[in-house]
Amino acid sequence: MSSPTSAPRDAVSAAIQAAAGRRRPALVGFLTAGFPSRQTFKANLAAVAAVCDVVEIGVPFSDPMADGTTIQRASFVALADGVTLPWILEELGSLQPKHAAPLLLMSYLNPLLQYGLDALPRAAAAAGVAGFIVPDLPFEESGDLKRALDGEGLALVQMVTPVTPPERLAMLCRGARGFVYAVTLTGTTGMSKGPSTEVPLEVLEYMDRVKRCSGVPVCAGFGIRSREQVARFAGHVDGVVVGSALVEVLERGEDVGAFLRSLREA
């Protein structure tokens with residue numbers, strides 16, 4: 001069991017705050033485990049972890065309702081290749097050396113229940129996982145998982161949206177560990193496609209509201225794919241999550257590191 005001072009979830013907050021302290025939003029990079037192939041997973045993870053401050057690893061699921069077509073496609077390819085949560089934990093556990101960037105698993109609830117909430121936290125901590133993002137788990141039903149993760153000092157990241165009412169926003173921010181995932185829009189991942197899609201002022205105002213409410217760092221996610229967008233969020237959030245755009249780079253077989261570095265160029 002982790003002590004409060006060395007809890008893995010604290011490494012997530014610290015990595016994001018360290019980047020924000022260098023006057024740039026932290027980069028949280030997402031990749032689907034085992035996509036485009038199981039054989040390339042470790043190499044792709046290393047490439048993402050070398051540039052990003054935090055890495056979010058997607059556990060493929062047959063009904064990824066919060067994800068757009070890109071991540072759905074990646075999930076189905078990984079599932080067809082036999083990628084499972086036990087395989088992911090085994091792969092992460094065998095990494096030598098471990099990556100400096102904290103690792104989070106983004107999973108729908110079903111694979112976690114299938115693994116077993118009693119066994120999951122210890123296995124995840126042993127594999128170097130610092131926490132979980134569970135998009136289909138309502139806060140009101142998260143008590144069992146949160147208590148299980150707390151025993152190993154793992155984060156349960158909370159998600160908020162532009163239509164989250166103020167009272168609920170305050171509740172979610174109070175319950176968040178690691179960071180608050182502030183969804184930029186109401187919809188699924190990867191919806192905005194333009195290379196420099198504008199970030200509306202009302203989205204930045206919403207991010208400011210979340211920041212005022214939260215005791216942990218705030219990261220914006222969904223539809224972020226350009227350095228212009230990242231620059232626009234600077235000062236309004238502590239970090240940005242880059243998901244669908246990064247998965248598309250992997251899908252095309254392009255240089256992941258070069259793409260991620262381009263998001264930080266002045």
Side-chain angles (χ1 to χ4, degrees), residues 12 14-37 40-58 67-75 77-78 99-104 106 133 157 178-179 181-185 187-201 203-204 207 211 217-266:
V12 178
I16 294 168
Q17 286 164 336
R22 293 192 288 272
R23 298 187 178 276
R24 61 167 177 79
L27 271 185
V28 181
F30 173 93
L31 73 166
T32 300
F35 177 83
S37 74
T40 58
F41 174 55
K42 285 183 178 178
N44 289 332
L45 174 59
V48 174
V51 183
C52 289
D53 303 285
V54 177
V55 182
E56 181 186 345
I57 300 166
D67 294 306
T69 55
T70 296
I71 295 174
Q72 284 183 21
R73 197 163 59 241
S75 271
V77 168
H99 298 302
L103 306 179
L104 295 167
M106 196 291 278
I133 302 167
V157 174
F179 67 93
Y181 193 133
V183 177
T184 59
L185 43 81
T188 57
T189 58
M191 284 180 66
S192 59
K193 287 287 186 183
S196 58
T197 309
E198 298 241 346
V199 179
L201 182 60
V203 171
L204 299 179
M207 295 297 165
K211 276 281 289 171
V218 175
C219 295
F222 285 35
I224 296 171
R225 52 180 58 244
S226 72
R227 85 169 64 103
E228 292 87 353
Q229 287 172 317
V230 175
R232 185 91 162 112
F233 278 110
H236 299 277
V237 295
D238 303 292
V240 295
V241 183
V242 181
S244 295
L246 178 50
V247 173
E248 287 163 12
V249 170
L250 284 166
E251 195 170 33
R252 294 191 298 264
E254 295 170 3
D255 187 331
V256 171
F259 166 70
L260 289 167
R261 286 190 293 273
S262 78
L263 299 178
R264 284 189 172 146
E265 289 173 7

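- The shortest distance between side-chain heavy atoms of Leu27 and Arg264 falls below 4.5 Å.
- The main-chain N or O of Gln72 is never found under 3.5 Å from a side-chain atom of Ser75 such that the two would form a donor-acceptor pair.
- Side-chain contact between Val51 and Leu263 is absent, with no heavy-atom pair separated by less than 4.5 Å.
- Judged as a ring-ring contact (aromatic ring centres under 6.0 Å, His included), and not counting sequence neighbours, Phe30 has no contacts.
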Could you go through residues 249-256 and list every donor-acceptor pair under 3.5 Å that involves a side-chain atom there, pairing it with any protein atom two or more places apart or in another chain?
unit_1	atom_1	unit_2	atom_2	d
Glu251	OE1	Arg73	NH2	2.9
Glu251	OE2	Arg73	NE	2.8
Glu251	OE2	Arg73	NH2	3.4
Arg252	NE	Glu254	OE1	3.3
Arg252	NE	Glu254	OE2	2.8
Arg252	NH2	Glu254	OE1	3.3
Asp255	OD1	Gly257	N	3.0
Asp255	OD1	Ala258	N	2.9

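- Residues satisfying the side-chain contact (heavy atoms from CB on, under 4.5 Å) criterion with Val77, sequence neighbours excluded, are Phe35.
- Rounded to the nearest 0.5 Å, atoms CD (Glu248) and OG1 (Thr70) are 4.0 Å apart.
- Taking each heavy atom of Arg225 and Ala245 in turn, the nearest pair found is CB-CB, 3.4 Å.
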Discussion item. Between Val237 and Phe179, does the side-chain contact (heavy atoms from CB on, under 4.5 Å) criterion hold? Intermediate values first, please.
Written reply: CA-CA 11 Å; Val237 295; Phe179 67 93; over 6 Å; no
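- Atom-to-atom distance recorded for Ile57:CD1 and Met106:CE is 11.5 Å, nearest 0.5 angstrom.
- Taking 4.5 Å as the limit, some side-chain heavy atom of Val241 sits within range of a side-chain heavy atom of Glu56.
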Worksheet item: Checking side-chain contact (heavy atoms from CB on, under 4.5 Å) for the pair Val28/Val240: CA distance, chi angles, key distance, verdict?
Response: CA-CA 6 Å; Val28 181; Val240 295; over 6 Å; no
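- If you take CG on Asn44 and CG on Leu246, they are separated by 9.0 Å, rounding to the nearest 0.5 Å.
- In this view, Ser37 and Thr40 satisfy the side-chain hydrogen bond (donor to acceptor under 3.5 Å, both in side chains) rule, not counting sequence neighbours.
- The two residues Asp238 and Pro217 have their closest heavy-atom pair at OD2-CA, 3.2 Å.
- The shortest side-chain heavy-atom distance between Thr184 and Phe233 falls under the 4.5 Å cut-off.
- You'll find the side chain of Leu45 reaches within 4.5 Å of the side chain of Val55, heavy atoms only.
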Validation: residues 16-25 side-chain donor-acceptor distances under 3.5 Å, sequence neighbours left out:
unit_1	atom_1	unit_2	atom_2	d
Arg24	NH1	Asp53	OD2	3.2
Arg24	NH2	Asp53	OD1	3.4

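- When every heavy atom of Leu260 is checked against every heavy atom of Cys52, the shortest pair comes out as CD1-SG, 3.7 Å.
- Here the closest non-hydrogen pair linking His236 and Lys211 is O-CG, 3.1 Å.
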